[in-house]
Amino acid sequence: MKEKEREEIEKWIEGDESGTEMLSRVSSVRPFLFPPPLHRVPLRVGNVLELVGPSPSAKTQILINAAITSVLPKPYGGLDHLVLFLDLDCRFDITRFSQLLIHRITQHGTDSYDQALYHLCMARFLYVRCYDSFEFLHTLRTLHRRLEKEKEVQGVGVHVLMIDSIGAFHWMDRASMFLSQRETSKKKLFLQTVSEAVVQNIRKLLQVHPMLIMATKSVIFGNRYSTASNEVKGNMEERCSKNMTRNHQNFQYREYMPSVWQSFVTHRILVHSSDEHPGTINHQNSSAYLLEWLLPKLSFPDRIVVKDKHYNILDKGGELHKMKKRYSTKSW
């Protein structure tokens, strides 16, 4: 590493960068040009996008679509960057990811795929699976050296960090709060403490490796739980209802992530199933969803129809955009 780059990294870690310098550095980076449905709002490094919805609701598929756009070279409509995918849900399908990457490559006017391009994209998708909060935090703390090594090897850096799904360990951590006080050999996990550590480590990582953060979060629609009866002392967990009204329908989801994470999020999209199916396509073996921007608030939704090998985006005027899904992977 060059001496100048080392000095800049040490300066960021020590917190010597002023707010003006940070804004100047971040604003100098062009926004990511993602395909629909992430085209409505410019997304830049430093932003934290949260995809909220029940399971399943195509949240991971939207991440995959953005990931493929990121790793593909520019002549193929990509961004020419590395992507780091943290799988907290432990349900990521590597085989399907590979198949859909091939499908995307073959859409560029050839019946056969470029094997060298395929391996390049696979190497650019950095995949990490975590099984609990301890492993998640350890991964965040050790990412700096890993990302530096990948940048040296591949010549490009990671510009997008994806987390699927950020609330995967919430209920396990919540249960750990009720461990017997006699178990002094184990350090108890507290929801607020874990979330604070996650946010703090991501902030430190962003100082050295400016990235766009994209995270999914599974929620439950409906008023199944009573807010009053589930209050947690010390404000360790905020419970509230987020209301969305569209076409005389009211969608409520229960917010369970601590406020430290909620305040960290800069952009939020609500994804939920739709009973309205566009009549312009064949809906056999497909599912329709509505995507609504909550932060910033947009007045119109996007509709997507998920099929086996792609999903279709319908804009507010009803025009159909066919977006091919793409996958690649490299596991550390």
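- A donor-acceptor pair under 3.5 Å links the side-chain atoms of Gln154 to the main chain of Ala123, judged by distance alone.
- The side chain to side chain donor-acceptor pair (under 3.5 Å) search around Asn201 returns none, not counting sequence neighbours.
- Residues that satisfy the side chain to side chain contact (heavy atoms under 4.5 Å, CB included) test with Ser263, not counting sequence neighbours, are absent from this structure.
- Considering CD1 of Ile213 and CD1 of Ile163, their distance stands at 6.0 Å, rounded to 0.5 Å.
- Partners of Ser55 according to the side chain to side chain donor-acceptor pair (under 3.5 Å) rule, which considers only residues two or more places apart in sequence or in another chain, are Arg91.
- Side chains of Val194 and Phe169 form no contact here, defined as non-hydrogen atoms less than 4.5 Å apart.
- Within the structure, no pair that satisfies the salt bridge (Lys or Arg N to Asp or Glu O under 4.0 Å) test touches residues 53-78, not counting sequence neighbours.
- Contact record, Met214 with Ala66: CE-CB, 4.0 Å, taken as the closest heavy-atom pair.
- Of all non-hydrogen atoms in Pro31 and Arg44, the two that sit nearest each other are CD-NH1, 3.3 Å.
- Between Thr69 and Gly77 the shortest heavy-atom distance is CG2-O, 3.9 Å.
- Applying the side chain to side chain contact (heavy atoms under 4.5 Å, CB included) criterion to Gln200, with sequence neighbours excluded, gives Lys204.
- The cluster map of Ile, Leu, Val, Met, Phe, Trp and Tyr, joined by side-chain heavy atoms under 4.5 Å apart, puts Tyr131 and Leu143 in different clusters.
- Side-chain atoms of Trp261 and Glu50 include a donor-acceptor pair closer than 3.5 Å.
- Take His267 and apply the ring-ring contact (aromatic ring centres under 6.0 Å, His included) test, not counting sequence neighbours, and it matches no residue.
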- request: Please report the C-alpha distance between Ile62 and Leu51 in whole Å, then the side-chain angles of each, then the deciding distance to 0.1 Å, and finally whether the side chain to side chain contact (heavy atoms under 4.5 Å, CB included) criterion is met.
  value: CA-CA 9 Å; Ile62 295 172; Leu51 294 166; 4.0 Å; yes
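- Side-chain contact between Glu150 and Leu82 is present, with at least one heavy-atom pair separated by less than 4.5 Å.
- Residues Met257 and Ser195 come closest through the heavy atom pair CE-OG, 4.4 Å.
- Residue Met172 is grouped with residue Leu88 when hydrophobic side chains (ILVMFWY) are merged at heavy-atom distances under 4.5 angstrom, including chains of intermediate members.
- Residues satisfying the side chain to side chain donor-acceptor pair (under 3.5 Å) test with Asp132, not counting sequence neighbours, are none.
- When all heavy atoms are compared, the tightest approach of Thr216 to Thr60 is CG2-N, 4.4 Å.
- A salt bridge (Lys or Arg N to Asp or Glu O under 4.0 Å) check over residues 76-87, counting only residues at least two apart or in different chains, returns the pairs Asp80-Arg124, Asp87-Arg129.
- Residues Asp114 and Leu120 fail the side-chain proximity criterion, which asks for heavy atoms closer than 4.5 Å.
- How far CD of Gln115 is from CD1 of Ile102: 9.0 Å, rounded to the nearest 0.5 Å.
- In this structure the side chain of Ser133 reaches within 4.5 angstrom of the side chain of Asp173, judged on heavy atoms.
- Note on Leu147 and Val156: same hydrophobic cluster, where clusters join Ile, Leu, Val, Met, Phe, Trp and Tyr whose side-chain heavy atoms are under 4.5 Å apart, directly or indirectly.
- Here the CZ atom belonging to Phe32 is positioned 8.5 Å from the CG atom belonging to Leu43, to the nearest 0.5 angstrom.
- In terms of the ring-ring contact (aromatic ring centres under 6.0 Å, His included) criterion, Tyr289 has no residue partners (sequence neighbours excluded).
- Annotation: side chain of Leu290 is not in contact with side chain of Val271 (no heavy-atom distance under 4.5 Å).
- Judged as a salt bridge (Lys or Arg N to Asp or Glu O under 4.0 Å), and not counting sequence neighbours, Arg203 has no contacts.
- Atom-to-atom distance recorded for Leu295:CG and Ile269:CD1 is 10.5 Å, nearest 0.5 angstrom.
- When each of Leu161, Asp164, Ile166 is checked for a side chain to side chain contact (heavy atoms under 4.5 Å, CB included) with Leu86, only Leu161 meets the rule.
- Looking only at side-chain heavy atoms (C-beta outward), Ile94 and Phe125 stay at 4.5 Å or farther from each other.
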message: Glu255 vs Lys217, test: salt bridge (Lys or Arg N to Asp or Glu O under 4.0 Å). Steps then yes/no.
response: CA-CA 10 Å; Glu255 180 58 76; Lys217 182 175 69 179; 2.7 Å; yes
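- Two residues are said to be in side-chain contact when any heavy atoms from C-beta on lie closer than 4.5 Å; Leu84 and Tyr127 fail this criterion.
- Here the OG-CE distance, from Ser98 to Met122, works out to 4.5 Å after rounding to the nearest 0.5 Å.
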- request: In sequence, state the C-alpha distance, the side-chain angles, and the governing distance for His81 and Val160, and then conclude on side chain to side chain contact (heavy atoms under 4.5 Å, CB included).
  value: CA-CA 8 Å; His81 298 314; Val160 182; 6.0 Å; no
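- Counting only distance, with no hydrogens or angles, the side chain of Thr266 and the backbone of Val48 share a donor-acceptor pair below 3.5 Å.
- Using a 4.5 Å heavy-atom threshold, the side chains of Leu63 and Phe85 count as touching.
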message: For Ser287 and Val305: C-alpha separation, side-chain torsions, deciding distance, then whether side chain to side chain contact (heavy atoms under 4.5 Å, CB included) applies.
response: CA-CA 5 Å; Ser287 301; Val305 177; over 6 Å; no
- request: Check step by step if side chain to side chain contact (heavy atoms under 4.5 Å, CB included) holds for Leu140 and His138.
  value: CA-CA 5 Å; Leu140 291 176; His138 175 73; over 6 Å; no
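- Here the CG atom belonging to Leu126 is positioned 11.5 Å from the CE atom belonging to Met162, to the nearest 0.5 angstrom.
- Scored by the ring-ring contact (aromatic ring centres under 6.0 Å, His included) test, Phe136 finds no partners at all (sequence neighbours excluded).
- Shown here for Val260 and Glu196, the closest heavy-atom pair between the two residues is CG1-N, 3.8 Å.
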